[in-house]
Every structure is written in structure tokens, then in C-alpha cells.
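Atoms within each ligand, like the ligands themselves, are counted from 1 in listed order. Computed from a predicted structure; not experimentally measured. For this chain, numbers begin at 1 and follow the sequence in order.
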Amino acid sequence: MMRTAPGRAAAPATRPAAGLCALRPAGAVTPRHARVPYRVVAVAGATIPALSAIRTAMFSFLKKKTPAEPPKPASGKATPPATGGGFSPEDLTRAFTAHQEEKAARAEAERQRTRERMQETVGGSSLARSFGALFASKPKLDEDLLDEIETVLLTADVGVKATTQLIEDLRRRMKAGDFRDAADLVSVLRSELRVLLVPVAKPLVIDPEARPFVILTVGVNGVGKTTTIGKLAKRFQDEGHSLMLAAGDTFRAAAVEQLKVWGERNNVPVIAQGQNADAASVAFDALQSAKSRGTQVLIADTAGRLHTQSGLMDELGKIRRVLGKLDPKAPHEVLMVIDGTTGQNALNQLRQFHAAAGVTGLVVTKLDGTAKGGVLFALAREFQLPIRFVGLGEKLEDLRVFDPDGFVDALLPESIGG
Ligand SMILES: Nc1nc2c(ncn2[C@@H]2O[C@H](COP(=O)(O)OP(=O)(O)OP(=O)(O)O)[C@@H](O)[C@H]2O)c(=O)[nH]1
């Protein structure tokens, strides 16, 4: 039988006990270039990764790209050999440019994959389906249409404030004669939806100066914190960051096991003290350990808690304070995980967690399931907190950097207006 502490909702009974075990696909290998620590130095007025890092990271590239015989300058004099490792400044500049291009190409490929996954998941949400049904009937541009759009938005959890703002704007523009047909209205609605989301689409950037960069994950029970940590850890590992995890969900034994098993399989140290240990003490130990090892990223799990239980919410403040004793800037990110199927209650959750723990970024999970799709607009309108990632499924690659254009395209494609 599942034990439920006062104030803690029982986690869903159907949840697999060790979902993180499957997080790393067999044979997945961290790219060699990605394992290089990313320190920043200024060279010739530009900010570039430390030369030693470039040398290591770009060695294979230079081997491929550098001609066997270096071209001689017009004067006939050979280029003086570079000091400290055999690469000339030109080599390093070329390597750096290639590195940047490779990074940009990878980012573009990820954006493309995110958009496809958004279409498959968010494109099937009730908001997307309702918009599809509404505009398929070639509606007349009148007050009835605005009423119907309003109903669609409210039903899909967009929330009263964001919906009112959107409808009033459409009404004003309709009266001003801005729309010739439904396609014009769709186009304006799309850009209004974008306007709500673009300011909050701020990806999480790991500050290389923070050693470690501490991410504290918080949220209500069963929203996907522990699985999100596994997905994030894999992402950061692939990006070349050294990692440590703190198993701070000391309430649910399976959560500690999940992280430990995942850590063992992926060679990531996991600091744990067992069930019912003091979560703040686990976080403290982990930060101390990460500092002494020079680890780049520390991700701390916390037990799920109901936002209405002030005692448990206070515990988050304590974790913050304890971390701050070792590093006044820690945690550098308080990442709140929100279940996208929660509806308007997500706003209350965020309000309380923000007050208790000072949330700095959001992950909205389960947008692939029965999510209505609209809660992101309500969250964005109400709090303007960065949405770092969205969860589009249970697989590792389903945690995606939030892309507002892809999201709006999936909900309300341009073509829908006819
Ligand atoms: N469909 C879907 N399921 C998800 C997503 N993210 C997490 N889950 C599932 O949600 C369930 C709960 O995830 P956990 O990571 O255990 O949740 P938690 O927040 O750590 O739970 P507590 O420890 O009780 O607070 C698991 O079955 C996950 O696989 C997502 O983006 N989409």
C-alpha cells in the first residue's frame, strides 16, 4: 500500500517505480568533442572557449580540415610554429568558427525535431482540435465567432485573463475592419498567441563561472520531477558537462532508487542518504561534494509536495538557505516542474512555489497526453517566468527546449484559416 504523509498527495499508483532506468538508450555515446569543459576567455576581443578546450575539442576537426602541407605565405617564409600545442592562431580561429557552425547546425536540427514532435503531440491537443473544427466550417466574421473562440480558449485552460486580452484585441480589430476573411483573423490570433509566449521562451543557460551550477527542482507530486532530472542529466552530459545528482526526494524510496540506478548506469555520481533523510542535508552534502570535485552541474531532486501545505513548502526555503551557506548564489536555477494536464490549478501551484522557493524557470510536462494545451498561455501571461523546457512524452528525447513558434504552429497552423 502506498504511504501518504500528511499534506502529500499519493503518487499515481500506475507510475513505474524506476522509470529512469530506461532513460539512456543502449549504445548512446557522449560525443567526444562535447566532453570538454567550457571555460570562457577573451582572445583578440572575442569571447571564446579556453584555448586548451578548443585544442582538445577541435583536434579531430583540424586533423580532417588542415591540409597536410600548410600553405606558405607570399613572402615564402613559413608560418612560425604556434606555441603551446602546435596550433597557430589561424588554426584556432578556424576551429572555433567550425565549432560554432557545428553547434548552430545541431541547434537547428534539434529545433526541427522539436517542431515535428510538437505537431505529433500538441497538434492533437483539444485546443488544436477545437480550432481545427471551428475554422473548418468557414465561419462568418461576427460576434458569434468571437464567442466561439472565447469558449475554445477558456475550455483549453488559457485562463480568463489571457482569453479576455486575446478576444478584446480580436474584437477591436474586427470592428476596425482589419479582417477580410477568416485567414486574416487566424493570422492575427497566431501572432497574439506568439506575443504571449515569446517573452518567456528563455532557454536555460549553464553559467560556466558557477562551479557547480546548482539546479533545484521543485513541484507537486507526480508531475515528472524525477524523470525530468534524468532527461536533463542526459542532455547536459551530451553537452559535455560533468554532473552530479542529489537524491533529495527522501520521501519516496523509489525516487532515490531511480536516480541511483540511473547514475550507476551513466557514470554520474548520485548523493543520497536514504528514505526520510533531511532533504536539506542531502542537498548540502551534494553541493559540498560537487564543489570539491569541480563538478559543473548539480541537479537536486526534492519530494513532491502540495502547494497548500505550508510546513512542507517552508522546507524548500530551508533547502535554499542551506545551499546558500556553501555558495551564496546557489541554487542558480529553481526549476519548477508543472504537469501540463493540471489546468488552471497550475497557476495556484506556481504562485505558492514561487513564494516559497523563488522559482526561476519552468518545465511543463505531459503536453503529449490529455493536456488541453492552453495552460502555457495562462502561466506566461500571469507570471512571465521563463519556460525552459516542455515534456512531450516519456522518452529521453521528449524533453524539448520550449519553442513558441513551433507550439503556436502546432495549435493553430497558418493554413487553418483557409
Ligand atoms: N506522457 C508523459 N509522461 C511523463 C512526462 N514527464 C513525466 N512523465 C511521467 O510522469 C510520471 C511521474 O513522473 P515522476 O518523475 O516519478 O514524478 P515526480 O514528480 O518525481 O513524482 P513525486 O516523486 O511523487 O513527486 C512517470 O510515469 C513519468 O514517466 C511527459 O512529458 N509526458
Discussion item. Geometry only, no angles: is L367 polar-contacting ligand 1 at N/O separations under 3.5 Å?
Written reply: no
Item to complete: Just jot down the ligand 1 atoms closer than 4.0 angstrom to any heavy atom of E394, in number order.
Response: 1 (N), 2 (C), 3 (N), 4 (C), 27 (O), 28 (C), 29 (O)
Fill in: ligand 1 N/O within reach of A255 N/O, cut-off under 3.5 Å
no
Fill in: Numbered atoms and elements of ligand 1 in range of G222, under 4.0 angstrom, heavy atoms
12 (C), 17 (O), 18 (P), 19 (O), 21 (O), 22 (P), 24 (O), 25 (O)
Worksheet item: Is T228 close to ligand 1, meaning an N/O of one under 3.5 Å from an N/O of the other?
Response: no
Worksheet item: Looking only at distance, does Q258 have an N or O less than 3.5 Å from an N or O of ligand 1?
Response: no
Item to complete: Check whether any heavy atom of G219 sits under 4.0 Å from an atom of ligand 1.
Response: no
Practice prompt. Record the part of D301 in heavy-atom contact with ligand 1 below 4.0 Å; permitted values are side chain, backbone, both and neither.
Written response: neither
Worksheet entry | Heavy-atom donor-acceptor pair, S125 side chain to T121 backbone, under 3.5 Å | no
Discussion item. Checking side-chain polar atoms at under 3.5 Å, does T163 have a donor or acceptor matched by the opposite partner on E150?
Written reply: no
Item to complete: Assess D398 for proximity to ligand 1: is some non-hydrogen atom of it under 4.0 Å away?
Response: no
Worksheet item: Can you list the ligand 1 atoms lying under 4.0 Å from a non-hydrogen atom of L392?
Response: 31 (O)
Item to complete: With heavy atoms of G391 as the reference, note each atom of ligand 1 found under 4.0 Å away.
Response: 31 (O)
Worksheet item: Does any N/O atom on G224 come nearer than 3.5 Å to any N/O atom on ligand 1?
Response: yes
Worksheet entry | Sub-4.5 Å side-chain heavy-atom contact between D327 and H332 | yes
Worksheet item: Are S281 and Q273 linked by a side-chain donor-acceptor pair shorter than 3.5 Å?
Response: yes
Worksheet item: Under 3.5 Å between some N or O of ligand 1 and some N or O of T226?
Response: yes
Practice prompt. Determine the interplanar angle of the H241 and F236 rings, folded into 0 to 90°, and report it as parallel if under 30°, tilted if 30 to 60°, perpendicular if over 60°.
Written response: perpendicular
Worksheet item: For T365, is at least one N or O under 3.5 Å away from an N or O on ligand 1?
Response: no
Worksheet item: Are any non-hydrogen side-chain atoms of Q119 and D409 less than 4.5 angstrom apart?
Response: yes
Worksheet item: Is a side-chain donor or acceptor of T295 paired with a backbone partner of L243 at a separation under 3.5 angstrom?
Response: no
Worksheet item: Are the side chain of Q344 and the backbone of D157 linked by a donor-acceptor contact shorter than 3.5 Å?
Response: yes
Item to complete: Over all heavy atoms of both residues, which pair between R117 and G393 is shortest? Give the atoms and the distance, please.
Response: NH2-CA, 4.1 Å
Discussion item. Please determine whether side chain to side chain contact (heavy atoms under 4.5 Å, CB included) holds for the pair F179 and L170, giving the CA-CA distance in whole Å, both sets of side-chain angles, and the decisive distance to 0.1 Å.
Written reply: CA-CA 9 Å; F179 307 141; L170 289 180; 4.1 Å; yes
Worksheet item: Quick one: which ligand 1 atoms are inside 4.0 Å of a heavy atom on T227?
Response: 7 (C), 13 (O), 14 (P), 15 (O), 28 (C), 29 (O)
